[in-house]
*Asks:* 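Could you have a look at this structure, given as structure tokens, before my questions?
All chains are named by letter (A, B, ...) in the order of the sequence lines, taking the proteins before the strands, and each is independently numbered beginning at 1.
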Amino acid sequence: GAVVSQHPSRVICKSGTSVKIECRSLDFQATTMFWYRQFPKQSLMLMATSNEGSKATYEQGVEKDKFLINHASLTLSTLTVTSAHPEDSSFYICSARDRDQQFFGPGTRLTVL
Amino acid sequence: QQPVQSPQAVILREGEDAVINCSSSKALYSVHWYRQKHGEAPVFLMILLKGGEQKGHDKISASFNEKKQQSSLYLTASQLSYSGTYFCGTGSSSLRGSTLGRLYFGRGTQLTVWP
């Protein structure tokens with residue numbers, strides 16, 4: 001089956017710093033990847049759609065200048081949380097699209113102190 | 001655009017059956033079912049693309065009623081390993097011609113299976 005990796009799995013940072021999260025499709029090419037955010041015991045909230053070679057499409061209410069997305073190749077998308085604050089602490093999960101299906105990465109737990 | 005899932009939580013004894021429902025106010029192109037264990041990423045269970053479609057593997061199956069804009073997930077003879085939170089993700093028909101394939105997820109149904 002399709003495998004998606006994420007790095008790092010866990011990150012703790014100070015308020016005001018930027019954090020980059022990588023999402024890779026390991027055994028298939030993904031022209032489209034998605035970034036989600038999940039608070040404890042909550043649903044997966046779609047943040048943005050990452051398209052290889054073009055600008056990301058952000059969901060309503062998601063600040064594009066705060067959550068920078070780059071989809072530089074067919075197997076890699078990155079999410080950078082800029083000037084992180086404690087309210088940005090969350091579980092960030094990416095998924096990669098393979099035909100009609102989406103496969104999720106293992107997630108990144110971000111804690112901003 | 002978020003679908004509605006019911007029930008919010010289910011508690012079962014091993015061997016019992018459960019049904020989880022997912023409904024949308026918008027026309028649906030696809031329904032995707034996932035199971036998530038605590039602290040882990042969601043694991044893909046199955047996708048339904050056509051109205052009237054029914055799928056299943058092992059003792060987990062699902063149906064998709066396109067007309068009613070709803071899907072149901074059936075777990076029969078539940079096992080301890082079935083415990084987790086089940087999410088349905090829905091793709092809107094309005095995006096059918098698009099390559100985006102965005103999914104919107106329900107709030108999840110927490111399933112607990114006791115021995």
*Asks:* What closest approach, in Å, do B:Leu103 and A:Leu46 show between heavy atoms, and which atom pair accounts for it?
*Replies:*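 Residues B:Leu103 and A:Leu46, closest heavy atoms: O-CD2, 3.9 Å.
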*Asks:* For A:Phe91 and B:Glu40, which heavy atoms make the closest approach, and how far apart are they?
*Replies:*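 So the minimum-distance heavy-atom pair works out to CE2-O, 3.9 Å.
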*Asks:* Let me know if B:Gln5 has heavy atoms under 4.5 Å from chain A in its side chain, its backbone, both or neither.
*Replies:*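 For B:Gln5, neither part sits under 4.5 Å from chain A.
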*Asks:* Do A:Ile93 and A:Val81 share a hydrophobic cluster (ILVMFWY, side-chain heavy atoms under 4.5 Å, transitive)?
*Replies:*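 No, separate clusters.
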*Asks:* Nearest 0.5 angstrom please: A:Gln101 CD to B:His32 NE2, how far?
*Replies:*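 Going from CD on A:Gln101 over to NE2 on B:His32, the span is 8.0 Å.
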*Asks:* Please say yes or no: joined through hydrophobic side-chain contacts below 4.5 Å, possibly via intermediate residues, are A:Phe67 and A:Met33 part of one cluster?
*Replies:*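 No, A:Phe67 does not connect to A:Met33 through the hydrophobic network.
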*Asks:* Tell me whether A:Leu76 is reachable from A:Phe28 by hopping between hydrophobic residues (I, L, V, M, F, W, Y) whose side-chain heavy atoms are closer than 4.5 Å.
*Replies:*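 Not linked; separate clusters.
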*Asks:* Taking all atoms of both residues into account, what is the closest heavy-atom pair of B:Phe87 and A:Gln42, and its distance?
*Replies:*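 Heavy atoms of B:Phe87 and A:Gln42 come nearest at CZ-O, 3.9 Å.
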*Asks:* Step by step, work out the side chain to side chain contact (heavy atoms under 4.5 Å, CB included) result for B:Phe105 and A:Met45.
*Replies:* CA-CA 7 Å; B:Phe105 287 87; A:Met45 298 304 296; over 6 Å; no
*Asks:* More than 12 foreign heavy atoms under 6.0 Å from NE2 of A:His7: is that the case here?
*Replies:*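 For A:His7, atom NE2 is not crowded (no more than 12 foreign heavy atoms under 6.0 Å).
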*Asks:* Please report the closest heavy-atom contact between B:Arg107 and A:Ser43, naming both atoms and the distance.
*Replies:*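 Reported closest heavy-atom pair: CA-CB, 3.7 Å.
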*Asks:* Of the backbone (N, CA, C, O) and the side chain (C-beta and beyond), which part of A:Leu44 lies under 4.5 Å from a heavy atom of chain B, both, or neither?
*Replies:*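 A:Leu44 touches chain B through backbone and side-chain heavy atoms alike.
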*Asks:* Can you establish whether the number of heavy atoms outside A:Glu87 located under 6.0 Å from its atom CD is more than 12?
*Replies:*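 Buried by this count: over 12 neighbours within 6.0 Å.
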*Asks:* Does A:Lys64 have more than 12 heavy atoms from other residues, nucleotides or ligands lying within 6.0 Å of its NZ?
*Replies:*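 Not buried by this count: 12 neighbours or fewer within 6.0 Å.
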*Asks:* Under 6.0 Å between the ring centres of A:Phe104 and B:Phe44?
*Replies:*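 Not under 6.0 Å, so no.
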*Asks:* Restricting to non-hydrogen atoms, name the atom on B:Ala41 and the atom on A:Pro106 that form the minimum distance, rounded to 0.1 Å.
*Replies:*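 Answer, listing the atom of B:Ala41 first, then A:Pro106: CB-CA, 3.6 Å.
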*Asks:* Is there a continuous path of hydrophobic side-chain contacts, each under 4.5 Å between heavy atoms, that joins B:Val10 to B:Trp33?
*Replies:*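 Yes: a chain of side-chain contacts under 4.5 Å links B:Val10 to B:Trp33.
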*Asks:* Please flag which part of A:Glu59 lies under 4.5 Å from any non-hydrogen atom of chain B: side chain, backbone, both or neither.
*Replies:*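 Answer is side chain: those atoms of A:Glu59 sit under 4.5 Å from chain B.
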*Asks:* Nearest 0.5 Å, what's the CD-CD distance between A:Gln38 and B:Gln36?
*Replies:*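 Result: 4.0 Å between the selected atoms.
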*Asks:* Heavy-atom distance under 4.5 Å to chain A: side chain of B:Gln110, backbone, both or neither?
*Replies:*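 For B:Gln110, neither part sits under 4.5 Å from chain A.
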*Asks:* Is any side-chain heavy atom of B:Arg102 closer than 4.5 Å to a side-chain heavy atom of A:Thr57?
*Replies:*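 When only atoms from C-beta onward are counted, A:Thr57 and B:Arg102 do touch, with a gap below 4.5 Å.
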*Asks:* Is it possible for you to say whether A:Val112 and A:Met47 belong to one hydrophobic cluster, with membership spreading through side-chain heavy-atom contacts below 4.5 Å?
*Replies:*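 Yes, A:Val112 and A:Met47 fall within the same hydrophobic cluster.
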*Asks:* Heavy-atom count around B:Lys59 NZ within 6.0 Å, excluding the residue itself: above 12?
*Replies:*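 Atom NZ in B:Lys59 is not crowded, with 12 or fewer foreign heavy atoms closer than 6.0 Å.
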